[in-house]
Participant: 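Quick one: the structure is below, and I'll ask about it shortly.
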Amino acid sequence: MNLDTLRHSCSHIMAYAVKELWPDAKLAIGPSIEDGFYYDFDKKTPFTDDDLFKIENKMREIIASDEKFIREEVNRDAAIKLFRKLKEDYKVELINALADPKVTIYKTGNKFVDLCRGPHIESALEIKAFKLLSVAGAYWHGIETNPMLQRIYGTAFLTHKELEGHLKNLEEARLRDHRKIGPALGLFDIYHEEAGAGLVFYYPKGAILRNLIEEYEKKEHLKRGYQMVTTPHIMQSGLWKKSGHYDYYKDNMHIFKIDEQEYVLKPMNCPGHILIYKSQTRSYKDLPIRLFELGTVYRHEKAGVLHGLLRVRGFTQDDAHIFCLPEQLREEIGGVIDFVFDTMKVFGFYDWAIELSTRPKDYIGSEEDWRRATEALESTLKEKGLKYDINEGDGAFYGPKIDIKLKDALKRSWQCATIQCDFALPKRFGLAYVDNEGKEKQPIMLHRVLLGSLERFIGALIEHYNADFPLWLAPVQTLIIPVSSSVIEYSLKVMSDLIDAGLRVEIDSSNETLNKRIRNAELNKIPYSLVIGEREAMAGTVAIRKKGKGNIGTVALSDFIKQATEEIKNKQ
RNA sequence: GCUGGAGUAGCUCAGUUGGCAGAGCACGUCCUUGGUAAGGACGGGGUCACGAGUUCAAUUCUCGUCUCCAGCUCCA
């Protein structure tokens with residue numbers, strides 16, 4: 001049996017149950033989705049959690065009564081008449097939008113009828129394992145100005161075992177939620193009420209993690225021919241008017257005045273890099289020029305969209321702009337794609353999905369430029385033999401883009417890298433280089449980020465690893481646990497040797513039992529604990545305890561240092 | 001921004017049908033000097049998110065604001 005069909009049928013049974021319980025509720029749509037299904041209803045009073053139980057019970061009754069799904073083809077006018085009689089206004093609207101003279105309807109038993117293309121299962125009895133999960137608001141047709149409906153989400157599987165597995169996965173995802181474990185492990189927090197929503201504070205351990213990521217990126221960018229720059233956090237609004245951002249995103253920008261002159265807190269790094277490009281006459285021999293900045297930007301995101309580290313109001317992008325000749329374009333795009341993949345692997349991500357987003361409804365620049373830009377991105381993807389989906393109309397206002405979404409350990413996707421091809425801003429800002437005949441030409445500009453926002457990437461990293469970071473990224477790599485105060489001296493010597501070897505190390509000589517301190521080390525997700533007692537002090541050794549693995553043996557201190565530094569070097 | 005739910009100690013949560021605010025963990029002091037996942041005793045800690053209103057009395061009821069959660073819309 002097809003899982004989508006089962007879920008779709010399950011959504012019909014849910015709608016059937018809702019109509020039985022609340023005959024006045026109007027039906028909107030109810031498709032199957034990636035992990036289940038939903039159905040949208042227009043109902044005056046809100047559904048409560050209690051109502052979900054009632055609906056589930058009613059669904060079980062319907063399923064037990066072995067109701068059959070019956071497909072019928074009817075004339076449009078007859079269908080309109082039918083749904084008008086049932087007072088299903090939304091269904092009437094849907095049929096009116098259909099072009100075919102015939103429409104299909106599905107009856108479930110002799111009480112419930114729905115406009116539906118199908119297919120469906122034969123009998124409700126085939127539904128063995130389902131669960132309703134949540135209620136939320138959703139706009140009719142997904143359009144913000146339309147009335148808001150109530151959406152009930154649910155899921156269904158072929159077997160109870162699979163359903164249990166799915167619910168367990170949801171629970172696992174909840175347990176490793178970065179919003180929970182981040183503050184708990186002393187990585188970061190967001191002081192919503194005092195400092196403001198969507199603004200991140202990195203604690204010492206989180207700052208170490210962030211700095212490690214930044215250091216890796218700086219080194220790697222310099223290696224690959226990028227030049228680092230730094231640009232101001234505030235710039236006059238004229239720049240943003242010229243770039244077009246002012247027109248498109250004014251409501252999401254922080255605009256204020258200094259001495260009667262309007263300024264903008266930067267929401268993007270591009271204009272800054274453009275000014276640096278324009279600072280001197282560029283020759284074709286200078287290109288490509290790759291300007292890189294860990295650029296902190298602020299955007300006035302709507303209150304309802306903020307979410308942990310994933311959507312914040314102040315964040316830092318690993319942002320670069322590449323100014324190149326037309327004939328260099330594909331190679332530059334290819335270079336960025338390679339750079340993205342190499343970086344992802346270093347941080348433990350080996351699975352991703354690629355999307356090519358094309359021209360949106362609102363855009364700047366000529367259609368010809370858009371065609372060339374899209375072609376450049378697409379042909380590079382093809383050249384590299386990469387699979388991708390087209391995301392029609394989802395490009396930036398100034399150019400098409402390639403998005404690379406990471407898949408984490410729980411198969412969830414995270415938007416991080418993006419590569420955007422832009423002919424429009426170079427034109428608007430009058431960017432130029434002098435070609436080999438001494439003539440001024442316009443360079444092409446690539447906007448790109450690898451990790452995207454450091455905040456979001458760190459959120460993804462925390463959930464991907466469940467904060468069990470590889471040794472090179474662990475904020476505290478080694479914890480020394482002296483068995484008793486008599487071995488403090490040797491323990492401090494071990495600590496200073498480890499620090500000298502470049503390891504991040506802490507000592508726990510608190511007045512707690514050995515067991516308690518080991519437990520704390522485990523809960524704090526410290527990769528290695530070194531238990532040191534009289535035996536070790538006498539022999540100049542350390543007893544190594546690996547997180548999650550327990551005691552893995554006693555070795556000479558120098559051997560542990562060698563082994564750990566090797567592990568760090570290899571970024572294992 | 002929209003729909004619905006929620007906000008009690010640093011954290012996880014009880015509780016008050018309107019009448020002195022509770023536990024566990026964490027924190028502090030003391031005892032305990034422990035060999036691989038929670039030793040013991042005592043103690044400090046609260047504008048019950050914030051601001052108004054009703055009331056003899058509001059953490060509790062009403063209204064407003066802020067913030068969070070599940071989604072929707074948006075994401076340069």
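Since this is a predicted model, take the numbers as computed values, not measurements. Quick note on labels: first sequence line is chain A, next is B, and so on, each numbered from 1. Computed over heavy atoms, backbone and side chain alike; hydrogens, waters and symmetry mates excluded.
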Participant: Is it the case that more than 12 heavy atoms not belonging to Lys43(A) sit under 6.0 Å from its NZ atom?
Facilitator: yes
Participant: Suppose you measure atom C1' in A70(B) against the same atom in U62(B); what distance do you get, rounded to whole Å?
Facilitator: 27 Å
Participant: Using only heavy-atom distances, determine whether the side chains of Tyr248(A) and Asp362(A) contain a donor-acceptor pair under 3.5 Å.
Facilitator: no
Participant: Can you tell me how far P of C69(B) sits from CG of Leu306(A), to the nearest Å?
Facilitator: 8 Å
Participant: Dot-bracket for RNA chain B, 5' to 3', counting Watson-Crick or G-U wobble pairs under 3.5 Å, with [ ] for crossing pairs and | for inter-strand pairs?
Facilitator: (((((((..((((.....[..)))).(((((.......))))).....(((((..]....))))))))))))....
Participant: Could you check whether Asn515(A) gets within reach of a base, just the sugar-phosphate, or nothing at all, counting any heavy atom under 4.0 Å?
Facilitator: sugar-phosphate
Participant: Quick one about Glu455(A) and Tyr202(A) (side-chain donor to acceptor, distance below 3.5 Å, no hydrogens or angles considered), yes or no?
Facilitator: yes
Participant: Counting side-chain heavy atoms from C-beta on, which of U33(B), C72(B), A37(B) comes nearest to Ser485(A)?
Facilitator: U33(B)
Participant: Looking only at the side chain of Met268(A) (C-beta and beyond, no hydrogens), which of the listed nucleotides A76(B), A37(B), U67(B) gets closest?
Facilitator: A76(B)
Participant: Take the protein atom CD of Glu34(A) and the nucleotide atom C1' of G71(B), then report the distance between them rounded to whole Å.
Facilitator: 16 Å
Participant: Using atom P of each nucleotide, how far apart are C13(B) and G28(B) to the nearest Å?
Facilitator: 24 Å
Participant: Picking from A70(B), G1(B), A37(B), which would you name as closest to the side chain of Ile518(A)?
Facilitator: A37(B)
Participant: Taking only the side-chain heavy atoms of Glu512(A) (C-beta and beyond), determine which of C75(B), G39(B), U67(B) contains the nearest atom.
Facilitator: G39(B)
Participant: Using a 4.0 Å heavy-atom cut-off, does Arg545(A) contact any base of the nucleic acid, only the sugar-phosphate backbone, or nothing at all?
Facilitator: base
Participant: Under the 6.0 Å and 45° cation-pi test, does Arg359(A) pair with Phe397(A)?
Facilitator: no
Participant: Would you be so kind as to tabulate the donor-acceptor pairs closer than 3.5 Å made by side chains of residues 167-174 of chain A, with sequence neighbours excluded?
Facilitator:
residue: Glu171(A); atom: OE1; partner: Arg174(A); partner atom: NE; Å: 3.1
residue: Glu171(A); atom: OE2; partner: Arg174(A); partner atom: NH2; Å: 3.0
residue: Glu172(A); atom: OE2; partner: Arg176(A); partner atom: NE; Å: 3.1
residue: Glu172(A); atom: OE2; partner: Arg176(A); partner atom: NH2; Å: 3.0

Participant: Please measure how far the P atom in A6(B) lies from the corresponding atom in G46(B), and state the result in whole Å.
Facilitator: 28 Å
Participant: Give a yes or no answer on whether the side chain of Gln442(A) reaches the backbone of Phe423(A) with a donor-acceptor pair at less than 3.5 Å.
Facilitator: yes
Participant: Under 3.5 Å, is there a donor-acceptor pair between the side chain of Glu332(A) and the main chain of Leu329(A)?
Facilitator: no
Participant: Polar atom pairs between nucleotides 41-46 of chain B and protein, under 3.5 Å, N or O only, would you list them?
Facilitator:
none

Participant: Kindly indicate whether the side chain of Asn511(A) and the base of U33(B) share any N or O donor-acceptor pair separated by less than 3.5 Å?
Facilitator: no
Participant: For Lys401(A), report the nucleic acid contact type (base, sugar-phosphate, nothing); a contact means any heavy atom under 4.0 Å.
Facilitator: sugar-phosphate
Participant: Sub-3.5 Å donor-acceptor pair from the side chain of Arg428(A) to the main-chain atoms of Lys242(A), do we have one?
Facilitator: yes
Participant: When rounded to the nearest Å, what value does the distance between P atoms of C31(B) and C69(B) take?
Facilitator: 45 Å
Participant: For Glu392(A) and Thr358(A), which I'm curious about, is there any donor-acceptor pair between the side chains at under 3.5 Å?
Facilitator: yes
Participant: Counting the atoms with a prime plus P, OP1 and OP2 as sugar-phosphate, which does Ala521(A) contact under 4.0 Å by heavy atoms, base, sugar-phosphate, or nothing?
Facilitator: nothing
Participant: What's touching nucleotides 3-7 of chain B from the protein side, N or O pairs under 3.5 Å?
Facilitator:
residue: U3(B); atom: O2; partner: Gly137(A); partner atom: N; Å: 3.2
residue: G7(B); atom: N2; partner: Glu193(A); partner atom: OE2; Å: 3.0

Participant: Of the nucleotides G35(B), U12(B), U73(B), which one has an atom closest to the side chain of Lys180(A)?
Facilitator: U12(B)
Participant: By the 4.0 Å heavy-atom rule, please label Gly550(A) as base, sugar-phosphate, or nothing.
Facilitator: nothing
Participant: Show me the donor-acceptor pairs within less than 3.5 Å that the side chains of residues 299-309 of chain A make with the rest of the protein, sequence neighbours left out.
Facilitator:
residue: Arg299(A); atom: NE; partner: Pro267(A); partner atom: O; Å: 2.9
residue: Arg299(A); atom: NH2; partner: Pro267(A); partner atom: O; Å: 3.0
residue: Glu301(A); atom: OE1; partner: Arg311(A); partner atom: NH2; Å: 3.1
residue: Lys302(A); atom: NZ; partner: Glu144(A); partner atom: OE2; Å: 3.3

Participant: From A37(B), A76(B), C68(B), pick the nucleotide closest to the side chain of Glu522(A)?
Facilitator: A37(B)
Participant: Pick the C1' atom in C61(B) and in G18(B), then give their distance to the nearest Å.
Facilitator: 8 Å
Participant: If you count heavy atoms of other groups shown closer than 6.0 angstrom to CD of Glu489(A), is the number above 12?
Facilitator: no
Participant: Given the C1' atoms of U60(B) and U8(B), what is the spacing between them in whole Å?
Facilitator: 11 Å
Participant: Which nucleotide, G35(B), C72(B), A76(B), lies nearest any side-chain atom of Tyr249(A)?
Facilitator: A76(B)
Participant: 5'-most contact on RNA chain B: Arg311(A) or Asp177(A), nearest heavy atom basis?
Facilitator: Asp177(A)
Participant: Within a strict 4.5 Å, meaning less than it, do heavy atoms of the Val18(A) and Tyr39(A) side chains meet?
Facilitator: no
Participant: What interatomic distance, in whole Å, is found between C1' of A23(B) and the corresponding atom of G15(B)?
Facilitator: 11 Å
Participant: Quick check on the 6.0 Å ring-centre criterion: do Trp240(A) and Tyr249(A) meet it?
Facilitator: no
Participant: Counting the atoms with a prime plus P, OP1 and OP2 as sugar-phosphate, which does His192(A) contact under 4.0 Å by heavy atoms, base, sugar-phosphate, or nothing?
Facilitator: sugar-phosphate
Participant: Could you check which of C68(B), C69(B), U36(B) has an atom nearest any side-chain atom of Arg179(A)?
Facilitator: C69(B)
Participant: Using whole Å, report how far CE of Met235(A) lies from P of A76(B).
Facilitator: 18 Å
Participant: For Glu144(A) and Asn520(A), take the nucleotide of RNA chain B holding the closest heavy atom to each; which residue's nucleotide lies nearer the 5' end?
Facilitator: Asn520(A)
Participant: Scan for salt bridge (Lys or Arg N to Asp or Glu O under 4.0 Å) pairs involving residues 146-157 of chain A, sequence neighbours excluded, and state none if there are none.
Facilitator: Asp40(A)-Arg151(A)
Participant: Considering every strand and a 4.0 Å limit on heavy-atom distances, what is the contact class for His307(A): base, sugar-phosphate, or nothing?
Facilitator: sugar-phosphate
Participant: Measure NE2/His300(A) against P/C74(B) and give the value in whole Å, please.
Facilitator: 17 Å
Participant: Answer with base, sugar-phosphate or nothing: what part of the nucleic acid does Ser134(A) contact at a heavy-atom distance below 4.0 Å?
Facilitator: sugar-phosphate
Participant: Nearest whole angstrom, please: distance from the C1' of A70(B) to the CG of Asp51(A).
Facilitator: 16 Å
Participant: Base, sugar-phosphate, or nothing: which does Gly244(A) touch, judged by heavy atoms less than 4.0 Å apart?
Facilitator: nothing
Participant: Rounding to the closest angstrom, what is the interatomic distance between G24(B) and A38(B) at atom C1'?
Facilitator: 12 Å
Participant: Contact class for Glu536(A) (heavy atom, under 4.0 Å): base, sugar-phosphate, or nothing?
Facilitator: base
Participant: Under 4.0 Å, heavy atoms only, any strand: does Glu534(A) hit a base, just the sugar-phosphate, or nothing?
Facilitator: base
Participant: With sugar-phosphate meaning primed atoms plus P, OP1 and OP2, does Tyr139(A) contact a base, only sugar-phosphate, or nothing at under 4.0 Å between heavy atoms?
Facilitator: base
Participant: Between His447(A) and Tyr398(A), is the gap from one ring center to the other below 6.0 Å?
Facilitator: yes
Participant: Base, sugar-phosphate, or nothing: which does Leu514(A) touch, judged by heavy atoms less than 4.0 Å apart?
Facilitator: sugar-phosphate
